[in-house]
Amino acid sequence: MNSTLSAVNNQTINTPVLVLLGPTAVGKTALSLALAELFACEVVSVDSMQVYRFMDIGTAKPTHRERERVVHHLIDIVDPDEQYNAAFFVRDALAAAAAISAAGRIPLFTGGTGLYLKALTEGLFTVEDAGEDESIRTYLAERLKKEGREMLFAELRAIDPESAARIHINDTQRLLRALEIYKMTGKSWSERLHSQQGPAVRFAEMLQIGLTCGRQTLYDRIDMRTHAMFAGGLIEEAEKLQKMGYSPELPSMQAIGYRHANNFLAGIWDREETIRQLARDTRRYAKRQMTWFSRNKTIEWYARDDHQGIIRRVETWLATA
RNA sequence: GCCGAGAUAGCUCAGUCGGUAGAGCAACGGACUGAAAAUCCGUGUGUCCCUGGUUCGAAUCCUGGUCUCGGCA
């Protein structure tokens, strides 16, 4: 569209790209704002739940005031009953990054959704059909109910023994997905994986900063944030979503915080139990995030309050990038 | 002070006839390719309050202590 597009050609974004990741509640948002203002960045959220409109408190979105200070992408882009997934994220994140780079600014990917970040940097295999084929999902879900998982798993073993060896029989979600891919396209999940080409767009200059802190510190922060969410109106927000017609069954409403609030509203848990469960599930989520990040050897880790150290690192990186 | 009950995993507790211990919750480790804040897999982490004794062998039986909780004063 204009000359600055030289920053981006078909396969590669050549200008600097920053990534800021870390477990929930570690303090990514505060640092992302500081980095964005210092280094002329726009934030691209890497968060599977902040994409949903009306879900503000439970997803700990940056506030409207914060979003006035710094441009944020991929927040509030779909309604809670709309499908969103890793492939949509890759598409949207690449588009945002290309536009930001072309404008001479720096994309700052910030978030904690491990799969999304991996999909962005390493790519996904493509499925021609691309969409969600609801009829196949319904068909498989019914067969699961009628025939049981053993039958479906035996079928997977027959058509894709490699995936059957990798997927545990109790992992219903992956079992159904593997069968769905085959039914939809006639090719197995493992065939897809083997024929995968790599990311659609490469980032020539990417610095990945990880924010971390001691386990106990993180858990204390999670406890504080849990109480703050309650005081800040988490229950009322979930109630509002229900009144808008969003079912507790929706993937978005199964997010941490919302499913807890829904149980409270249904009278299953009292306030104290809801807080306890919410804090516990958030701790477990943080642990799963750490597991995910620990495999990524390109992350440079910094203590959560070492803003000066991170800023210095970004400065030297930009000088050479 | 007296009487009674108890002390075992981070917590609540079980532990048969004496054979060095296990359940729930919590915790911890891991997987992850279009639901991912989802889904799933794995792990017991212990001075059995202390002490001395009986015994081939003690969480278990006995002695003495310490502490906790009831009740009575």
Side-chain angles (χ1 to χ4, degrees), chain A residues 23-25 45-52 55 57-61 78 80-93 111-134 136-137 140-141 144 149 153 162-163 165-178 180-181 184-185 188-200 215-216 219 222 225-226 229 234 249-262 273 276-296:
Chain A
T24 188
S45 167
V46 186
D47 188 300
S48 63
M49 291 300 153
Q50 291 184 0
V51 297
Y52 294 111
M55 298 173 63
I57 297 166
T59 64
K61 271 178 204 166
V78 293
D81 58 353
E82 286 182 77
Q83 288 280 349
Y84 201 77
N85 58 44
F88 293 168
F89 168 78
V90 171
R91 176 199 67 194
D92 297 342
T113 301
L115 174 64
Y116 283 13
L117 188 66
K118 187 185 181 206
L120 180 71
T121 55
E122 297 176 25
L124 294 170
F125 58 73
T126 52
V127 175
E128 293 82 358
D129 188 290
E132 310 277 317
D133 191 328
E134 280 310 318
I136 288 180
R137 285 206 173 174
L140 288 171
L144 176 69
R149 67 178 72 251
F153 198 77
E162 190 179 328
S163 291
R166 199 167 60 87
I167 297 170
H168 193 278
I169 187 168
N170 291 341
D171 195 345
T172 309
Q173 218 166 86
R174 289 194 176 80
L175 172 60
L176 294 182
R177 173 65 181 156
E180 175 185 303
I181 290 173
M184 211 155 60
T185 70
S188 69
W189 191 344
S190 49
E191 279 180 276
R192 295 280 165 197
L193 278 171
H194 289 138
S195 60
Q196 182 179 336
Q197 291 301 308
R215 188 69 64 95
Q216 192 54 53
Y219 285 4
I222 286 171
R225 196 165 81 171
T226 299
M229 281 182 180
L234 175 64
E249 312 293 321
L250 289 166
S252 57
M253 293 289 270
Q254 290 296 312
I256 291 170
Y258 296 93
R259 66 170 189 261
H260 300 82
N262 289 336
E273 180 68 5
R276 208 178 64 78
Q277 296 271 346
L278 171 52
R280 182 200 63 179
D281 287 342
T282 307
R283 287 195 294 272
R284 291 177 173 175
Y285 170 51
K287 172 61 186 69
R288 291 199 301 280
Q289 289 179 299
M290 309 266 224
T291 300
W292 198 293
F293 298 143
S294 69
R295 277 180 36 154
N296 181 344

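- Of the candidates B/A36, B/A37, B/A31, B/A31 carries the atom nearest the A/Thr291 side chain, counting heavy atoms from C-beta on.
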Which atoms of nucleotides 40-44 of chain B (N or O only) lie under 3.5 Å from a protein N or O atom, and what are those distances?
residue: B/C41; atom: OP1; partner: A/Asn170; partner atom: ND2; Å: 2.5

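- Whole-Å rounding puts the A/Tyr84 OH to B/A37 P distance at 13 Å.
- Side-chain nitrogen and oxygen atoms of A/Lys287 include none within less than 4.0 Å of the OP1 or OP2 phosphate oxygen of B/A27.
- The side chain of A/Ser294 sits closest to B/G30 out of B/G30, B/A36, B/U33.
- Using atom C1' as the reference point in both B/U12 and B/G71, the two lie 24 Å apart (nearest Å).
- Following rounding to the nearest Å, A/Phe88 (CZ) and B/U33 (P) show an atom-to-atom distance of 18 Å.
- Only the C1' atoms considered, B/C48 is 32 Å distant from B/C72, to the nearest whole Å.
- With rounding to whole Å, A/Glu191 atom CD is found 15 Å from B/U33 atom C1'.
- For the P atoms, the distance linking B/U51 with B/A59 amounts to 12 Å, nearest Å.
- Within 4.0 Å of A/Thr126, counting heavy atoms only, lies at least one base atom of the nucleic acid.
- Exactly one of A/Lys287, A/Arg283, A/Gln289 qualifies for a side-chain hydrogen bond (donor to acceptor under 3.5 Å, both in side chains) with A/Tyr285. That residue is A/Gln289.
- In this structure, A/Leu234 and A/His260 have side chains that are not in contact, with every pair of non-hydrogen atoms separated by 4.5 Å or more.
- Under 4.0 angstrom from either OP1 or OP2 of B/A31 there lies no side-chain N or O belonging to A/Arg166.
- At a threshold of 4.5 Å between non-hydrogen side-chain atoms, the residues A/Ser48 and A/Tyr116 count as touching.
- Within 4.0 Å (heavy atoms only), A/Gln196 reaches at least one base atom of the nucleic acid.
- In this structure a side-chain-to-backbone donor-acceptor pair under 3.5 Å is present from A/Tyr258 to A/Gly58.
- Closest approach of A/Ser163 and A/Ser190 over heavy atoms only: OG-N, 3.6 Å.
- Across B/C40 and B/U33, the matching P atoms stand 14 Å from one another, rounded to whole Å.
- Among the heavy atoms of the strands lying under 4.0 Å from A/Asp47 is at least one base atom, whether or not backbone atoms are also near.
- Nearest-nucleotide assignment on RNA chain B puts the 5′-proximal partner with A/Arg215, out of A/Arg215 and A/Leu124.
- With rounding to whole Å, A/Arg283 atom CZ is found 13 Å from B/G29 atom P.
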Check your understanding: Would A/Trp189 and A/Ile167 count as a side chain to side chain contact (heavy atoms under 4.5 Å, CB included) if you check the C-alpha gap in whole Å, the side-chain angles of each, and the deciding distance to 0.1 Å?
Key -> CA-CA 11 Å; A/Trp189 191 344; A/Ile167 297 170; 3.6 Å; yes
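- A straight line from CG of A/Asn296 to C1' of B/G30 spans 17 Å, rounded to a whole angstrom.
- Nearest-nucleotide positions on RNA chain B place A/Gln277 closer to the 5' end than the other of A/Gln277 and A/Phe125.
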Under the rule of Watson-Crick or G-U wobble with both distances under 3.5 Å, where | means paired to another strand and [ ] a crossing pair, RNA chain B maps to (((((((..((((.....[..)))).(((((.......))))).....((.((..]....)).))))))))).
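- Remark: P of B/A35 and CD1 of A/Ile136 are 13 Å apart, rounded to the nearest angstrom.
- Among the heavy atoms of the strands, none lies under 4.0 Å from A/Gly257.
- Checked by atom type, the side-chain pair A/Arg225/A/Thr24 shows a donor-acceptor distance below 3.5 Å.
- Proximity of A/Arg166 to A/Leu193: side-chain heavy atoms (C-beta onward) are separated by under 4.5 Å at one or more points.
- Residue pairs meeting the salt bridge (charged side-chain N to carboxylate O under 4.0 Å, His left out) criterion with at least one member in residues 115-125 of chain A: none, sequence neighbours excluded.
- Of the P atoms belonging to B/A38 and B/C50, the separation is 42 Å, rounded to the nearest Å.
- Contacts between residues 112-122 of chain A and RNA chain B, defined by a heavy-atom separation below 4.0 Å, involve A/Thr113, A/Leu115, A/Tyr116, listed by number.
- Proximity of a side-chain donor or acceptor of A/Glu180 to a complementary backbone N or O of A/Ile136 within less than 3.5 Å is not detected.
- Note on A/Trp292: a base of the nucleic acid sits closer than 4.0 angstrom, heavy atoms only.
- A/Ser252 comes within 4.0 angstrom of nothing in the nucleic acid, heavy atoms only.
- At whole-Å resolution of the value, CZ in A/Arg177 and C1' in B/A31 are 18 Å apart.
- A distance of about 16 Å separates the P atoms of B/U55 and B/U60, rounded to the whole Å.
- In terms of phosphate contacts, A/Arg284 brings no side-chain nitrogen or oxygen within less than 4.0 Å of OP1 or OP2 of B/C25.
- Checked by atom type and distance alone, the side chain of A/Arg149 never pairs as donor or acceptor with a backbone atom of A/Leu144 at under 3.5 Å.
- In this structure, A/Tyr52 atom OH and B/A36 atom C1' are separated by 10 Å, rounded to whole Å.
- Side-chain atoms of A/Asn85 stay outside donor-acceptor range of the base of B/A36, with no qualifying N/O pair under 3.5 Å.
- Scanning for side-chain contact (heavy atoms from CB on, under 4.5 Å) contacts around A/Gln197 gives an empty result, with sequence neighbours left out.
- Residues A/Tyr84 and A/Asp92 have side chains in contact (heavy-atom distance under 4.5 Å, counting atoms from C-beta outward).
- Rounded to a whole angstrom, the distance from the P atom of B/G42 to that of B/G6 is 38 Å.
- Judged as a salt bridge (charged side-chain N to carboxylate O under 4.0 Å, His left out), and not counting sequence neighbours, the contacts of A/Asp171 are A/Arg174.
- With both ends at atom C1', the span from B/A9 to B/C49 equals 15 Å, rounded to whole Å.
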